[in-house]
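Inspection log for the structure reproduced underneath, given as structure tokens.
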Amino acid sequence: MTQQAQGHSARSNRAPEEMPTSFGFTKVAEGQKQALVDDVFHKVAERYDLMNDLMSGGLHRVWKDAMVSFLAPPKTAASNWRLLDVAGGTGDIATRVVRRSNDTARAVVCDINESMLGVGRDRAEKAGLSDLITFSQGNAEELPFPDKSFDAYTIAFGIRNVPDIPKALREARRVLKRGGRFMCLEFSEVDVPMLDKVYDTFSFNAIPAMGRWVTGDGDPYKYLVESIRNFPNQERFADMIREAGFERIGYRNYSGGIAALHYGWKL
């Protein structure tokens, strides 16, 4: 493990097995969560980057750049290197990866939400990347791709919205080639004394209020804040990645654990 998170708060008791029926802090019926999550992202698709700006104070851009730097995609077309970015409908990560590869890598963005994909397609076309980034509607729990199709799998701020996370992790491993790399950037558990209290106050009070002021609807932002608190902490999520069959598991905390980059290899 690259970094061991210490001093977890009482929130560490978040149980992964409760995720399929947890919509924020609301318990929902089995099978109901996905439709509710879809509705949230239909509402915020056009303002997705703004949403992440509100929730991270703009730091999500720094974290994403750090993620792509750590991924270090090859910069030669001879590698035929392919990325699958899941739950990345707006193409934010895929664009960063392709640009970092000097426009030699190819990326497939897979998202269950058509509204998010529509935003991504428009952005890729405007950036002149339509030939390098393709967009596919699909469920992270049942990816519409053959086994051993990709060199890397990324998912940024999306895994916590998947009802059956263990199934999604197994799917990630299935579509990776041997030697392929899994990387997941997600809001996580703050491990710096006092920062956790400040972050909680900001999250539960300021973010929904700002969302309501900017978009006229604070409910999607309320759910997103609650979904962060329901997500397993760094060690628990690392265990889930290991249980899915990945090896050389590790994680890096960003900004005191507000976000964490988890990674593993298919060996």
Work out which heavy atom in Pro73 is nearest to a heavy atom in Val97; give both atom names and the distance. CG-O, 3.7 Å
Option from Arg61, Lys64, Arg123 for which salt bridge (charged side-chain N to carboxylate O under 4.0 Å, His left out) with Asp92 holds: Lys64
Sequence neighbours excluded, which residues qualify as side-chain contact (heavy atoms from CB on, under 4.5 Å) partners of Ser136? Val108, Pro144, Phe145
Name all residues meeting the ring pair (Phe, Tyr, Trp, His ring centres under 6.0 Å) criterion together with Phe135; count only those two or more places apart in sequence or in a different chain, and write none if there are none. none
Rounded to the nearest 0.5 Å, the OG atom of Ser149 sits from the CG atom of Leu84 at a distance of 8.5 Å
Any heavy-atom pair between the side chains of Ile93 and Met67 that's under 4.5 Å? yes
Rounding to 0.5 Å, atoms CG (Asn113) and CG (Asn139) come to a distance of 11.5 Å
Donor-acceptor pair, distance only, cut-off 3.5 Å: does the side chain of Lys177 make one with the backbone of Asp151? no
Qualifying residues under salt bridge (charged side-chain N to carboxylate O under 4.0 Å, His left out), relative to Glu125, sequence neighbours excluded: none
Just jot down the side-chain contact (heavy atoms from CB on, under 4.5 Å) partners of Arg174, sequence neighbours excluded, or say none. Leu143, Asp147, Glu171
Taking side chain as C-beta onward, heavy atoms only, is Leu129 less than 4.5 Å from Val98? yes
Does anything in residues 70-87 form a side-chain hydrogen bond (donor to acceptor under 3.5 Å, both in side chains)? List the pairs, not counting sequence neighbours. Asp85-Thr154
Leu169 and Ala244: which non-hydrogen atoms are nearest, and at how many Å? CB-CB, 3.6 Å
What's the verdict on side chain to side chain donor-acceptor pair (under 3.5 Å) for Arg100 and Ser69, showing C-alpha distance, side-chain angles and the deciding distance? CA-CA 8 Å; Arg100 189 65 62 91; Ser69 293; 2.7 Å; yes
Thinking salt bridges, do Glu243 and Arg170 make one under a 4.0 Å N-O criterion? no
Are Tyr263 and Phe182 an aromatic pair, judged by ring center distance below 6.0 Å? no
Just by distance, do the side chain of Glu189 and the backbone of Asn233 share a donor-acceptor pair under 3.5 Å? no
Does Phe150 share a hydrophobic cluster with Trp265, counting links as ILVMFWY side-chain heavy atoms below 4.5 Å and allowing steps through other members? no
Heavy atoms, side chains only, cut-off 4.5 Å: are Phe237 and Phe231 in contact? yes
I'd like to know whether Leu185 forms a side chain to side chain contact (heavy atoms under 4.5 Å, CB included) with Tyr254, so could you lay out the CA-CA distance, the side-chain angles of the two residues, the decisive distance to 0.1 Å, and finally the verdict. CA-CA 10 Å; Leu185 179 63; Tyr254 295 145; 3.9 Å; yes
Please answer: with hydrophobic residues joined when any side-chain heavy atoms are less than 4.5 Å apart, are Val68 and Phe157 in the same cluster? yes
Say you draw a straight line from CG of Leu59 to OG of Ser255; how long is it, rounded to the nearest 0.5 Å? 4.5 Å
Might you work through the side chain to side chain contact (heavy atoms under 4.5 Å, CB included) test for His262 and Met183, ending with a clear yes or no? CA-CA 6 Å; His262 282 80; Met183 299 190 77; over 6 Å; no
Testing the basics here: between Val109 and Ala94, what is the closest heavy-atom pair and its distance to 0.1 Å? CG2-CB, 3.6 Å
Heavy-atom check, side chain of Gln137 versus side chain of Leu117, under 4.5 Å: yes
Cation-pi between Arg181 and Phe70: NZ/CZ under 6.0 Å from ring centre and within 45° of the ring axis? yes
Sidechain-backbone polar pair: Arg106 side chain, Asp131 backbone, donor-acceptor under 3.5 Å: yes
Run the numbers on Glu247 and Arg173 for salt bridge (charged side-chain N to carboxylate O under 4.0 Å, His left out), then give the verdict. CA-CA 10 Å; Glu247 298 181 52; Arg173 188 179 184 280; 5.4 Å; no
Would you kindly say whether Asn253 and Gln234 are connected by a side-chain donor-acceptor distance under 3.5 Å? yes
So, using side chain to side chain donor-acceptor pair (under 3.5 Å) as the criterion, who are the partners of Arg99 when residues are at least two apart? Asp103
Step-by-step side chain to side chain contact (heavy atoms under 4.5 Å, CB included) determination, Ile165 to Ile159: CA-CA 7 Å; Ile165 293 174; Ile159 195 76; 3.9 Å; yes
Looking only at heavy atoms, which two atoms of Ala238 and Ile249 are closest? And how far apart? O-CG2, 3.9 Å
Parallel, tilted or perpendicular, as decided by the 30° and 60° cut-offs, for the rings of Phe187 and Trp63: perpendicular
Kindly give the heavy-atom pair with the smallest separation between Ser101 and Ala105, and that separation in Å. OG-N, 2.9 Å
Show the numbers, then the answer: is there a salt bridge (charged side-chain N to carboxylate O under 4.0 Å, His left out) between Asp239 and Arg242? CA-CA 5 Å; Asp239 286 341; Arg242 186 176 295 105; 2.8 Å; yes
Work out which heavy atom in Val162 is nearest to a heavy atom in Ala140; give both atom names and the distance. CG2-CB, 4.1 Å
Stepwise side chain to side chain contact (heavy atoms under 4.5 Å, CB included) check, Glu235 with Tyr251: CA-CA 9 Å; Glu235 292 293 344; Tyr251 66 83; 2.9 Å; yes
Is the side chain of Asn102 donor-acceptor paired with the backbone N or O of Thr104 at a distance under 3.5 Å, no angle test? no
Please check this pair: side chain of Arg178 against backbone of Leu267, looking for a donor-acceptor N/O pair closer than 3.5 Å. yes
